[in-house]
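What follows is a set of notes on a single structure, which appears directly below.
Sequence lines set the chain letters: A, B, ... in the order given, protein chains first and strands last, and positions in each chain run from 1.
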4 protein chains.
Amino acid sequence: MSIAVIYGSTRENGNTEVLTDIAIQDLDVEKITLRDYHVLPIHDQRHDEKGFTRVKDDYDLLIERMMKHDVLIFATPIYWYSMTGIMKNFIDRWSQTMRDVNFPNFKEQLGKKKAFVIAVGGDNPQLKGLPLIQQFNYTFQFMGISFEGYVLGKASRPGDILNDQLAFVSATELNLKLKTS
Amino acid sequence: MSIAVIYGSTRENGNTEVLTDIAIQDLDVEKITLRDYHVLPIHDQRHDEKGFTRVKDDYDLLIERMMKHDVLIFATPIYWYSMTGIMKNFIDRWSQTMRDVNFPNFKEQLGKKKAFVIAVGGDNPQLKGLPLIQQFNYTFQFMGISFEGYVLGKASRPGDILNDQLAFVSATELNLKLKTS
Amino acid sequence: MSIAVIYGSTRENGNTEVLTDIAIQDLDVEKITLRDYHVLPIHDQRHDEKGFTRVKDDYDLLIERMMKHDVLIFATPIYWYSMTGIMKNFIDRWSQTMRDVNFPNFKEQLGKKKAFVIAVGGDNPQLKGLPLIQQFNYTFQFMGISFEGYVLGKASRPGDILNDQLAFVSATELNLKLKTS
Amino acid sequence: MSIAVIYGSTRENGNTEVLTDIAIQDLDVEKITLRDYHVLPIHDQRHDEKGFTRVKDDYDLLIERMMKHDVLIFATPIYWYSMTGIMKNFIDRWSQTMRDVNFPNFKEQLGKKKAFVIAVGGDNPQLKGLPLIQQFNYTFQFMGISFEGYVLGKASRPGDILNDQLAFVSATELNLKLKTS
């Protein structure tokens, strides 16, 4: 069981990362921190005769790193009741990769993976984070990814997450689950 | 009643634009086509001592154009059960604008506006588009924007939207509503 | 194509029935009006050694009538953001029927049917009715029923529904769809 | 802080009750077990000239007991992705009580209370239970009740809930919260 964490935060050491640290404690994981890379938005050329134009940015490299692992943890702050724009751009590009000859069987291989979501927001995330979870759920279903669980944390100012005891125990549970699976 | 449409599509003349054309027929609207501009993702500096660093891109210009209008129509294809990444980046930046001295009363002014959503997707949008609508709803609620209605259309290949009769009548109804309000 | 409408209203000629009348205009349908029958709540005996005790009420008769048709329309006012209690009790009993030797292949036969939902509420049904639609969706998915569409109408006082033009056109569209399929 | 639990289960000692026992450990609570009482479905007479006909059943008694407490815990198995029919019938009747001279200020008094939801289901409750939570959320919002948290547990056969460690810790957290508030 090999694990990758895809981080959608735009600031360092934010609450989402602190919460994720609990979930991955004592585990060897590959950290893919999207804000450190250049990923362009998708340009939808699905219906162009020549298909997608190859894009020069860091995206392919990140996908290669992600695809080496069996378990994917998507860790994102909740911005406006969904994932961050930089994580959304990363996922939007999957539509291009599904048609990329350099990544044959992309969907099929993704469909063998397990996924978890860790999301932290300031405005009642246990309720208002639910549409985000449903969006991930539909996305994973489309790809055939097994959605194994999620942790929603409440935090706004730096360090706030330490006051969310339920998030703490949920992340600890996730850590146990990752270690024993 | 002055109307702005914010387009989240990444290709020209896509199904979302065709459907939106029905909704804005014979109306004078300002079209803000996000793909034609450069908008950087937010860098969350809410908690930095010095606050946000000013960003050099087209975002402020777009906000100025948007804020002149009473009615906002957010028109986006559904990518992975949510708005497109370029539209998400645009909305993410609102968190910065709320703290920008150049836009005093940003939230208060937004809170006087009315909003509609037009979204088109290929995978059962009447059901799987609902989390997107809920996400917009929470966003508008936070800002105090009045969410006046939405149209969900089903389409995948170019022109498909013309086969979605329910979307057509919904967009026609929206057109009537915009004309008489 | 044979059609049954299951009515969950608790008052006669309510807004839900008026809206449904548009959807079934000029069609021969079997009307199952739950309030006119005696249907007890389920008593969960799934795990009892002897299984479920046979219940003496009108439920079995209603199921027999329902199962004769290819298309099921669930028409319910929205009470507290979900279907009415009498419709919920009717659906809850399906768990018993799935284990009833008098209805072998109940799930399999249901799984061949198509379903529509018509729901009318007073408090922003286009948004706050979405959890209800999702509940129906999961229920239909479990049974294998094909969820073909839904109409949400806004109304509170008698006759209000006539002012909801979008509901009117949606119901008219549904009528057309039922006639041509 | 005085606590009432409203139980929607239809069988004794089910998984929902076991999970709720953890949440109310060492607390003095009033248990309102709906299956032990006779509560008729609402008959919507909101628009009748004479208003609602008084109903002879146990409902008023249950409401009186419920209204004496500051905190309400709604504990229900998930039947078909929603609360049980007997709990739905109980809540549906609130619309009558809001117009009942014997319960003046019913809504206002409810609006001072805090509520929790405990729900247990067998089919992926962490995801497919979310519409139920949203439905409760809208209901509490309408009444002005403060929705303080929820616990979703996964269980199907008797005793299953003991294997859901996350539900266990969530219920334990809730217990702590109830004790210290």
- prompt: Which residue, A:Met83, A:Met143, A:Gln135, forms the side-chain contact (heavy atoms from CB on, under 4.5 Å) with B:Trp80?
  reply: A:Met143
- line: Residues A:Ser82 and B:Ser82: closest non-hydrogen pair is OG-OG, 3.9 Å
query: So which of B:Thr84, B:Ile42, B:Asp44 has the biggest tally of heavy-atom pairs under 4.5 Å with chain A?
result: B:Asp44
task: Please indicate whether A:Phe116 has more than 12 foreign heavy atoms, meaning atoms of other residues, nucleotides or ligands, lying under 6.0 Å from its CZ.
output: yes
query: Given a strict heavy-atom distance threshold of 4.5 Å, which part of A:Arg93 is in contact with chain B: side chain, backbone, both, or neither?
result: neither
- prompt: Where does B:Leu132 contact chain A at under 4.5 Å (heavy atoms): side chain, backbone, both or neither?
  reply: both
Atom CD of A:Gln165: over 12 foreign heavy atoms under 6.0 Å: no
Rounded distance (nearest 0.5 Å) linking atom CZ of B:Arg11 with atom CD of A:Gln45: 11.0 Å
query: Is it true that a side-chain atom of B:His43 and a backbone atom of A:Arg35 form a donor plus acceptor pair closer than 3.5 Å?
result: no
query: Within the side chain of A:Asp92, is there an N or O that forms a donor-acceptor pair under 3.5 Å with the backbone of B:Gly85?
result: yes
task: Take atom NZ of A:Lys114 as the centre, draw a 6.0 Å sphere, and report whether it contains more than 12 heavy atoms from other residues, nucleotides or ligands.
output: no
Short side-chain to backbone donor-acceptor contact, B:Lys88 and A:Tyr79, under 3.5 Å: yes
statement: From the list A:Asp123, A:Asn137, A:Asp48, A:Ile91, the residue making the most non-hydrogen contacts under 4.5 Å with chain B is A:Ile91
message: Looking at A:Phe52, I want to see if its CZ is surrounded by more than 12 non-hydrogen atoms of other residues, nucleotides or ligands under 6.0 Å.
response: yes
message: Counting C-beta onward and ignoring hydrogens, is there a side-chain heavy-atom pair between B:Phe136 and A:Tyr81 closer than 4.5 Å?
response: no
message: Taking side chain as everything from C-beta outward and backbone as N, CA, C, O, which of these in B:Ile78 sits under 4.5 Å from a heavy atom of chain A? Side chain, backbone, both or neither.
response: neither
message: Counting neighbours of CG on B:Asp28 that are heavy atoms of other residues, nucleotides or ligands and sit closer than 6.0 Å, is the number greater than 12?
response: no
field: Gap separating the OG1 atom of A:Thr139 from the NZ atom of B:Lys128, nearest 0.5 angstrom
entry: 10.0 Å
query: CG/A:Asn89 to OG1/B:Thr10 distance, rounded to the nearest 0.5 angstrom?
result: 10.0 Å
- request: Give, as side chain, backbone, both or neither, the part of A:Ser156 having an atom under 4.5 angstrom from any heavy atom of chain B.
  value: both
statement: Okay, A:Leu127 and chain B: the region with an atom under 4.5 Å from a heavy atom over there is backbone
